[in-house]
Amino acid sequence: MDVTTHSSSFLLPSIPTDNGPSPSYALIVLNQRLPRFTPLLWTKARLRICADGGANRVFDELPQLFPRENVQDVRNSKLSLESQPIDILDVRDRYKPDVIKGDMDSVRQEVIDFYANLGTKIVDASDDQDTTDLHKCVAYICDSTPNLEKSNLCILVAGALGGRFDHEIGNINVLCLFSTMRIVLLSDDCLILLLPSTHCHEILIQSSVEGPHCGLIPIGMPSKRTTTTGLKWDLSDTEMRFGGLISTSNIVIGERITVQSVSDLLWTISFKKHILQDEVCNLLMPKSHSPNCCCLL
Ligand SMILES: Nc1ncnc2c1ncn2[C@@H]1O[C@H](COP(=O)(O)OP(=O)(O)OP(=O)(O)O)[C@@H](O)[C@H]1O
Ligand SMILES: Cc1ncc(C[n+]2csc(CCO)c2C)c(N)n1
């Protein structure tokens with residue numbers, strides 16, 4: 001069985017390694033408070049899409065992640081766009097989404113107008129009330145990515161967890177709907193990705209930014225047999241199911257975890273809160289700007 005390797009190296013500065021070609025990233029921003037490392041993910045992504053109200057978050061909150069450039073509160077500002085501080089407009093210019101797609105019931109008209117003016121593609125999918133905005137955005141990425149490039153593409157979803165439970169479950173369902181795509185759901189606290197049973201999985205732990213708390217959860221059906229290495233409570237041909245054992249509050253003890261299962265699992269790992277990624281911030285912006293714009297604080 002083929003081995004799929006997973007790594008959260010998107011949270012680290014881009015240092016060339018010998019680990020083969022690095023993935024190419026697409027970023028989807030959802031309608032939740034922006035995770036603090038959003039500017040870093042934005043810089044790494046080759047395609048940036050806002051799901052409906054996610055565009056409001058980029059418009060309102062991204063300037064706030066650059067406090068020294070943000071001389072007044074944008075959300076409470078009664079000023080027109082023309083009279084807003086030049087710095088805020090500069091941040092908005094630098095962080096322009098490539099696409100805004102959704103059923104357009106949350107994104108504000110002024111936000112659509114602002115980005116449309118900058119050249120953002122606006123895709124109104126309001127006729128579809130059966131799929132979520134995240135689903136629509138992942139479908140857009142799938143349709144616009146040649147098949148040969150799909151295996152090297154990793155879709156990062158910012159703001160996918162820690163909000164309304166129906167939305168969270170809907171977001172997890174997108175992992176299952178697009179199970180052949182690599183999709184990582186992210187919040188400030190943790191990530192979730194799917195480990196399809198069609199592959200063996202190797203997870204390389206970036207211990208400076210993630211761990212030690214982790215979990216392995218069967219999704220869709222009980223998992224008759226799962227075997228792992230690298231965890232404090234490893235599984236050995238162990239059955240997991242809701243109503244029985246599932247692996248929560250587990251701990252990574254190695255830098256490399258392996259997982260093999262007869263049915264699909266979710267992998268989740270916590271993010272470290274206290275890491276100050278000075279190097280990352282320095283890479284992202286000139287010295288005169290805030291040093292803690294994108295830190296995992
Ligand atoms: N509280 C939340 N928790 C998790 N994900 C969210 C949350 N709010 C929004 N999202 C995600 O962001 C996407 C866009 O959000 P938006 O609020 O624009 O959707 P919506 O279709 O208007 O939602 P609804 O009509 O159910 O309130 C959603 O499809 C969902 O994936
Ligand atoms: C059985 C069923 N439940 C809920 C919805 C509602 N819904 C699901 S996705 C979506 C779009 C959100 O942007 C909406 C309104 C539906 N259509 N079918």
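Both counts, for ligands and for their atoms, begin at 1 and track the order of listing. The structure displayed is predicted, hence computed values, not measured ones. Computed from heavy atoms alone, side chains included, the values below leave out hydrogens, waters and symmetry copies. Note that the numbering runs from 1 along the sequence shown for the chain.
A salt bridge between Asp188 and Arg36 is present, with a side-chain N of the basic residue lying under 4.0 Å from a carboxylate O of the acidic one. A salt bridge does not link Lys101 with Asp124: none of the charged nitrogens is closer than 4.0 Å to a carboxylate oxygen. No salt bridge links Glu239 with Arg225; every basic N to acidic carboxylate O contact stays at or beyond 4.0 Å. In summary, Arg108 and Asp60 engage in a salt bridge, as defined by a charged side-chain N under 4.0 Å from a carboxylate O.
Of all the heavy atoms in His6 and Leu194, the pair that sits closest is CE1-O, 4.3 Å. Between Leu231 and Cys214, the shortest heavy-atom contact is CD2-SG, 3.7 Å.
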Exercise for review: Take Phe37 and Phe10 through the test ring-ring contact (aromatic ring centres under 6.0 Å, His included) and record every step on the way to the result.
Suggested key: CA-CA 10 Å; Phe37 44 77; Phe10 49 82; 8.0 Å; no
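Closer than 4.0 angstrom to ligand 1 by heavy atom are Leu30, Asn31, Gln32, Ala51, Asp52, Gly53, Asp103, Asp105, Ser106, Thr132, Asp133, Leu134, Gly159, Ala160, Gly163, Arg164, His167, Asn171, sorted by chain and number. Contact residues of ligand 2 (protein heavy atom closer than 4.0 angstrom to a ligand atom; sorted by chain and number): Asp103, Gln129, Asp130, Thr131, Thr132, Asp133.
Taking Ile, Leu, Val, Met, Phe, Trp and Tyr as members and joining any whose side-chain heavy atoms lie under 4.5 Å apart, directly or through other members, the hydrophobic cluster of Ile169 also contains Phe165.
Residues satisfying the ring-ring contact (aromatic ring centres under 6.0 Å, His included) criterion with Tyr140, sequence neighbours excluded, are absent altogether.
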